[in-house]
Amino acid sequence: METFEYIVGTLNDLVWSTPTQFPIMIATLLGFGIFITLKLGFVQIRKFKHGVLSVMGKYDHPEAVGDVNHFQALTTALSATVGIGNIAGVAIAIHYGGPGALFWMWVTAFFGMAVKYTECTLAVKYRVQNADGSVSGGPMYYIEKGLGQNWKWLAVFFAVMAVFSSFLTGNAVQANTVADTLNSTFMIPVWITGLVTASLVGFVIIGGIKRIGRVTASLMPLMALIYVLGALIILAININDVLPAFATIFENAFTPKAGAFGVGSGLFLTTFVWGIKRGLFSNEA
């Protein structure tokens, strides 16, 4: 286990902390977000109404090619981000970067909308319809078909890495959080939680993307409602601290005073980088 943790830690540092002051990965992702936002003329603002109408089913057609409708596609994506990314992710950002990191998470989310729009549009444009009527798409397809056969190696590499990511980031992190919470709160052994979780998830996954879409479309509205109501209740209980909290966030975004290393040592870049890191993770951009 120690060896495994060392390997994961090393890879994590390579991707997210190289170089330490301002990682290349962050510069690349945020840079592309800014570039594509300008290139598409702030599509996340211009087409926001269109996006909402799409999710509401205005453009759904029973005979349209595809396995899930717009709403199911949205809930499938949200099911992986609301929770670990938006609760634990925010806590981690504040822990390491101070309150100001939240501001940079918001900024990242704004530009991330353009990144996500681009990703989804390319996935639809270059998807393939299989013989049985189902469709296959995603980055591995538009890398190969959009960039050409010379880039097929990158498409294969992405697909292989996506498998690792699905087990670790997609499942291990969330399953571990659920098991740890139930164990510490209700004294339920972690192996029982793991067995039940694996069984339920396995039942859904075996049914393919159509079953995943139906399940997330049923669960996500309730999940989102509980999430939003929980947040509103916490805000209502602490109503007198809401405006001061916003003031603290904006103040610390540019003049950070606290972070994981104590008062006075939470440098601007630490706040900036951690806000972007967790922002990219929480909104899946």
Side-chain angles (χ1 to χ4, degrees), residues 8-45 47-48 51 74 77-78 80-86 88-98 100-126 137-144 146-147 151 153-166 168-170 173 253-254 256 267-285:
V8 172
T10 302
L11 291 174
N12 182 65
D13 289 340
L14 178 66
V15 173
W16 289 109
S17 303
T18 306
T20 308
Q21 287 300 314
F22 196 76
I24 294 174
M25 179 63 74
I26 289 177
T28 303
L29 291 174
L30 186 62
F32 176 72
I34 295 172
F35 167 76
I36 205 66
T37 294
L38 297 175
K39 184 75 175 175
L40 297 179
F42 289 86
V43 67
Q44 60 269 62
I45 296 176
K47 296 296 183 179
F48 187 83
L74 173 69
L78 285 179
T81 55
V82 176
I84 302 301
N86 290 306
V90 174
I92 292 171
I94 294 174
H95 174 70
Y96 286 104
L102 287 181
F103 173 81
W104 298 112
M105 285 188 73
W106 298 336
V107 172
T108 306
F110 176 77
F111 292 113
M113 291 170 73
V115 177
K116 194 66 178 177
Y117 167 84
T118 306
E119 178 188 0
C120 294
T121 302
L122 289 173
V124 172
K125 178 178 174 61
Y126 291 103
M140 65 289 285
Y141 283 88
Y142 61 71
I143 289 173
E144 179 184 352
L147 296 179
W151 291 91
W153 64 271
L154 184 59
V156 173
F157 176 76
F158 178 90
V160 173
M161 291 299 102
V163 172
F164 284 109
S165 177
S166 67
L168 298 172
T169 306
V173 174
F254 302 97
L267 301 175
F268 170 73
L269 273 179
T270 302
T271 298
F272 182 66
V273 168
W274 271 100
I276 296 175
K277 274 185 183 181
R278 305 321 297 180
L280 289 167
F281 179 74
S282 70
N283 62 40
E284 212 191 29

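Quick note: numbers below take in every heavy atom, side chains included, and nothing from hydrogens, waters or symmetry partners.
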Interatomic spacing from NZ in Lys277 to OG1 in Thr108 - rounded to 0.5 Å: 12.5 Å
From Ile276 atom CD1 to Phe111 atom CZ, the distance as rounded to the nearest 0.5 Å: 10.0 Å
Nearest non-hydrogen partners of Ala93 and Ala101, listed with the distance: O-CB, 3.6 Å
Phe48 atom CZ, over 12 foreign heavy atoms within 6.0 Å: no
Using a 3.5 Å cut-off and no angle test, enumerate the donor-acceptor pairs between side-chain atoms of residues 26-43 and protein atoms at least two apart in sequence or in another chain.
unit_1 : atom_1 : unit_2 : atom_2 : d
Thr28  : OG1    : Ile24  : O      : 2.8
Thr37  : OG1    : Gly33  : O      : 2.7
Thr37  : OG1    : Gln44  : NE2    : 3.2

Ring pair (Phe, Tyr, Trp, His ring centres under 6.0 Å) partners of Tyr117, counting only residues at least two apart: none
Contacts of type side chain to side chain contact (heavy atoms under 4.5 Å, CB included), residue Trp153, not counting sequence neighbours: Trp151
Residue pair Gly275 / Met105: nearest heavy atoms and the distance that separates them: O-CG, 3.1 Å
Test ring pair (Phe, Tyr, Trp, His ring centres under 6.0 Å) applied to Phe254 - qualifying residues, sequence neighbours left out: Phe103, Trp104
Considering all heavy atoms, the nearest Ser17-Pro23 contact: CA-CG, 3.9 Å
Set of residues satisfying side chain to side chain contact (heavy atoms under 4.5 Å, CB included) with respect to Thr18, sequence neighbours excluded: Leu14
Partners meeting side chain to side chain contact (heavy atoms under 4.5 Å, CB included) with Tyr142 (sequence neighbours left out): Glu119, Leu122, Ala123, Tyr126, Pro139
Gap separating the CG atom of Leu280 from the CZ atom of Arg278, nearest 0.5 angstrom: 10.0 Å
Any side-chain heavy-atom pair of Trp274 and Ile92 under 4.5 Å: yes
Polar side-chain atom of Thr271 near backbone of Gly97 as donor-acceptor pair, under 3.5 Å: yes
